[in-house]
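What follows is a single structure, written as C-alpha cells, with notes after it.
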Amino acid sequence: LNRQIDEPAPKGLVRTFISNNTSANTALTITDFTLSIPNQQTSIFIENLTIKRGDIVLIKGPNGSGKTTMIDVLSGVSERGVGQLFYYSRDNVSPIKMKYCTQMPYYTDKPLIDQAKFNNIPANKVRDILTRSNLFDAQALRKVMEIENAQNLSGGEKVKVSCAEALSVDCDICFLDEPTSPMDKVAKSKLRDAVVAKAQAGTTFIIVSHDETFSGIEKIVVLTEKGA
C-alpha cells in the first residue's frame, strides 16, 4: 500500500456521497488514493479498496507513518491527499452517518451532561449510554457523572466516554483513533466486544491501533509503512 513519493499521482481529493446505493453491502470505496507523510520516504497508496458494511478495518504502522492523518482524511476531518472516496448510505433516504473518536477528545469546563456530544439529553440517558457501553464500573460511572468540570477527567475517562457515546449512535461508519491507548486490560476487552457486536449489526469500523486489542476480529489491515 505504498507508492514512492517521486511517482506521479492524480491531483485532488474527491469525496462522493451516494444515497441511492445500488451496492447495499458497500460502506466505503477508496480509489487511487495517495497520501504523502512528512519525513517519510514513501507515501500511503491504495489503488482500490472496497470496505463492506460491518467490516472492521485496522490501520497499523509505526509512529509517524501517517495513521492518524489517514483516518482524519477518511473521516472528513482533513482534506489532505489525492484520490477518490465514495461513501455509501444504507438506503435511498438517509444521509450517511459517521462518528469519529479522536485520541484526545475535547471537553469544556462544564459537567458531562452539558458536553456537546450529548446534545443536552437528560442525565439519566447519559448514564444509560455509559452503562450500556460496559466501559465503566459503578464507581467510575458515579465519578464521571458527578464531576463538575469535564476537563478534569483523566485521559482514559475522556476516551471511554467518547467511545461510549459513539457506540450508542446508529451510524454507518465509526472511526476510532488509538481508543485503547489509555485503557486498562479490562476496558480494552470490553471495547473489543462492543465493537464486534456493533459491527455484526452493520456498522463499519475503521480503527487506528498500536496494540493487539483488535487483532483477530479485523477484516482488512491497512499498513501505513512497509514492514509495519
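At distances below 3.5 Å, not a single donor-acceptor pair connects side-chain atoms of Q200 with backbone N or O atoms of A197. Between the side chain of K158 and the main chain of Q151, a donor-acceptor pair closer than 3.5 Å is present. Checked by atom type and distance alone, the side chain of T131 pairs as donor or acceptor with a backbone atom of R127 at under 3.5 Å. Put simply, the side chain of T180 never gets that close to the backbone of M183: no donor and acceptor are under 3.5 Å apart. No donor-acceptor pair closer than 3.5 Å links the side chain of S189 to the backbone N or O of V186. For the pair D55 (side chain) and K52 (backbone), a donor-acceptor distance under 3.5 Å is present. With hydrogens and angles ignored, the 3.5 Å screen pairs a side-chain donor or acceptor of K198 with a backbone N or O of L167. With T50 contributing its side chain and T29 its backbone, the two residues share no donor-acceptor pair below 3.5 Å.
Taking both residues in full, the closest heavy atoms of S215 and K60 are given as OG-NZ, 3.9 Å, listed atom of the first, atom of the second, then distance. Pairing each heavy atom of S78 with each of R80, the nearest pair is OG-N, 3.1 Å. Residues A166 and C174 share a closest heavy-atom pair of CB-SG, 4.1 Å. Summarising the geometry of Q115 relative to T108, their closest heavy-atom pair is OE1-N, 2.8 Å, with the distance given to 0.1 Å. Contact detail for G61 and H210: the closest heavy-atom pair is O-NE2, 4.0 Å. Taking all atoms of both residues into account, the shortest heavy-atom contact from P179 to V159 is O-CG1, 3.2 Å.
When side chains are defined from C-beta on, I173 does not count as touching T203, because their heavy atoms never get closer than 4.5 Å. The shortest side-chain heavy-atom distance between L130 and L112 falls under the 4.5 Å cut-off. In this structure, the side chains of K99 and C171 come closer than 4.5 Å at one or more pairs of heavy atoms. Counting heavy atoms from C-beta outward, V195 and F205 have side chains that approach closer than 4.5 Å. Side-chain atoms of I51 and T26, non-hydrogen and from C-beta on, never get closer than 4.5 Å to each other.
Comment: R132 engages D128 in a salt bridge, judged by a side-chain N to carboxylate O separation of less than 4.0 angstrom. Here D172 pairs with R53 in a salt bridge; the nearest charged N to carboxylate O distance falls below 4.0 Å. The pair K97-D170 does not meet the salt-bridge criterion, since no charged nitrogen lies less than 4.0 angstrom from a carboxylate oxygen. Taking 4.0 Å as the cut-off between side-chain N and carboxylate O, E148 and K110 do not count as a salt-bridged pair.
Here the CG atom belonging to D193 is positioned 8.5 Å from the CG atom belonging to N134, to the nearest 0.5 angstrom. Rounding to the nearest 0.5 angstrom, the gap separating the OG atom in S89 from the CD1 atom in I18 is 9.0 Å. Between the CD1 atom of I37 and the CD1 atom of I44 there is a distance of 4.5 Å, given to the nearest 0.5 Å. Between the CD1 atom in I96 and the OH atom in Y88 there is a gap of 10.0 Å [rounded to 0.5 Å]. Between atom SG of residue C101 and atom CD1 of residue I207 there is a gap of 10.0 Å, rounded to the nearest 0.5 Å. Atoms CZ and CD, on R192 and E212 in that order, are 10.0 Å from each other to the nearest 0.5 Å.
Annotation: cation-pi pair K160/F136 present, NZ/CZ under 6.0 Å from the ring centroid and within 45° of its normal. Remark: K117 is positioned above the aromatic ring of Y107, its terminal NZ or CZ atom under 6.0 angstrom from the ring centre and at most 45 degrees off the axis.
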Show, in sequence, the C-alpha distance, side-chain angles and deciding distance for Y87 and L28, and conclude whether the side-chain contact (heavy atoms from CB on, under 4.5 Å) test is met. CA-CA 5 Å; Y87 301 83; L28 172 63; 3.7 Å; yes
Go through D72 and Y100 one step at a time and tell me if the side-chain contact (heavy atoms from CB on, under 4.5 Å) criterion holds. CA-CA 9 Å; D72 281 349; Y100 184 16; 2.5 Å; yes
Worked check of side chain to side chain donor-acceptor pair (under 3.5 Å) between S162 and E165: CA-CA 5 Å; S162 290; E165 187 272 334; over 6 Å; no
Please determine whether side chain to side chain donor-acceptor pair (under 3.5 Å) holds for the pair T68 and D177, giving the CA-CA distance in whole Å, both sets of side-chain angles, and the decisive distance to 0.1 Å. CA-CA 7 Å; T68 292; D177 187 9; 2.9 Å; yes
Test side chain to side chain donor-acceptor pair (under 3.5 Å) applied to Q84 and T16, step by step: CA-CA 8 Å; Q84 298 186 77; T16 303; 5.6 Å; no
With side chain to side chain donor-acceptor pair (under 3.5 Å) as the test, would you mind laying out the steps for D211 and S209 before giving the verdict? CA-CA 6 Å; D211 62 33; S209 181; 3.2 Å; yes
For F175 and T102, what are the C-alpha separation, side-chain angles and deciding distance, and is it a side-chain contact (heavy atoms from CB on, under 4.5 Å)? CA-CA 8 Å; F175 299 89; T102 67; over 6 Å; no
Between I206 and I59, does a side-chain contact (heavy atoms from CB on, under 4.5 Å) hold up when you go through it step by step? CA-CA 7 Å; I206 299 179; I59 301 176; 3.7 Å; yes
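One hydrophobic cluster, built from ILVMFWY side chains closer than 4.5 Å, holds both F17 and V73. Residues L13 and L49 share a hydrophobic cluster, clusters being chains of Ile/Leu/Val/Met/Phe/Trp/Tyr side chains in contact below 4.5 Å. No chain of hydrophobic side-chain contacts below 4.5 Å, direct or via other Ile, Leu, Val, Met, Phe, Trp or Tyr residues, connects L176 to V169. Y106 and M104 are not part of a single hydrophobic cluster, where members link through side-chain heavy atoms under 4.5 Å apart.
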